[in-house]
Amino acid sequence: MTGALEAALLQRRETGGKCLVPYLTGGLGELWLETIQAAAVSGADAIEIGIPFSDPVIDGPTIQLANDKALALGVTPQLILDRLRGSDIGVPTVVMTYGNIAYRMGYQRFASSLAQSGISGCILPDVPLEEVGPWTDAADAAGVETVLLAAPTTPDERLVRIANRSRGFVYGVGLLGITGVRDQLADSAKVIAKRLKEVTDRPVLVGVGVGTPTQAVEVCEEADGVAVGSAMVQRMLDGGGPEGVAELIGEFRSALDEHY
């Protein structure tokens, strides 16, 4: 069955548009939940919610700083999920965190907690395909869509297996490196999108190194959409609040809608 996350992205694609999935750090400041709600009404098709972790290996300085600030405020995974439970976000949400968080809570408990909090999907970027089975078993049983990542260096055969196992969408990693805004879009971003589109009909979104509306438009020449993290989190860190993040999302949405 197609879950809520994948259904929302497919709906955008089927109308000829491009998907926009911003990443926002859970627990970062008193208005983090209001910021997520503002993102939903500003043009996001779904929202990645980062659950802070002390060693976010895929993340660059911006999201690392956001993690540190949230953890210093005493934020825990359970606190974030408790706040989300019963909240009216308006679009599907997908949690992005690390394997230790899920393992420490217990896969079944973590998956059930996500479902009870209204979370549609989950991204665990440090759990490789070969080790993801115990988690996906628990996630599937709870109705949580597990989004898998595909790096630019992934061999063709492995790319097929990642795409087949992924749910919600397939996350094409735009470059070899950590998250962060770059001056230019890496050539590898469009290449991984094209390669994924050749092996799956599931929505293909590209993230990591997509930090401006212009870069989003460029990569969507091949991809079905973009996941944008560091630019959004920087706006949160700068004190932009719900209005500032909503404004930035609106800029991405307008650029994508004007070109596609």
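Excluded from the calculations below are hydrogen atoms, water molecules and symmetry mates; all remaining heavy atoms, backbone and side chain alike, are included.
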ask   = Is there a donor in the side chain of D59 and an acceptor in the side chain of Y98, or the other way round, less than 3.5 Å apart?
value = yes

task = Ignoring hydrogens and angles, state whether a donor on the side chain of D68 or Q64 is under 3.5 Å from an acceptor on the partner side chain.
result = no

Answer yes or no: is there a donor N or O on one side and an acceptor on the other, between the side chain of [X] and the main chain of [Y], under 3.5 Å?
{"X": "D45", "Y": "V21", "result": "no"}
{"X": "S120", "Y": "P92", "result": "no"}
{"X": "Q11", "Y": "A7", "result": "no"}
{"X": "T136", "Y": "G133", "result": "yes"}
{"X": "T179", "Y": "G60", "result": "yes"}

Heavy-atom distance under 4.5 Å between the side chains of [X] and [Y], does that happen here?
{"X": "P61", "Y": "I178", "value": "yes"}
{"X": "R253", "Y": "D257", "value": "yes"}
{"X": "M232", "Y": "Y23", "value": "no"}

key: Identified side chain to side chain contact (heavy atoms under 4.5 Å, CB included) partner of R83 from the options V75, I36, L33   = L33

request  = If a pair satisfies side chain to side chain donor-acceptor pair (under 3.5 Å) and one of its residues is in residues 137-162, list it, with sequence neighbours excluded.
outcome  = E130-R158, W135-T146, D140-R165, D156-R195, E157-R161

Atom CD of E222 with >12 non-hydrogen neighbours under 6.0 angstrom = yes

Using distance only, find each side-chain donor-acceptor pair of residues 200-209 under 3.5 Å and give its atom names and separation, not counting sequence neighbours.
{"from": "T200", "atom 1": "OG1", "to": "R202", "atom 2": "N", "distance (Å)": "3.0"}
{"from": "D201", "atom 1": "OD1", "to": "R13", "atom 2": "NH2", "distance (Å)": "3.4"}
{"from": "R202", "atom 1": "NE", "to": "E6", "atom 2": "OE1", "distance (Å)": "3.1"}
{"from": "R202", "atom 1": "NE", "to": "E6", "atom 2": "OE2", "distance (Å)": "3.4"}
{"from": "R202", "atom 1": "NE", "to": "S166", "atom 2": "O", "distance (Å)": "3.3"}
{"from": "R202", "atom 1": "NH1", "to": "A163", "atom 2": "O", "distance (Å)": "3.1"}
{"from": "R202", "atom 1": "NH1", "to": "S166", "atom 2": "O", "distance (Å)": "3.0"}

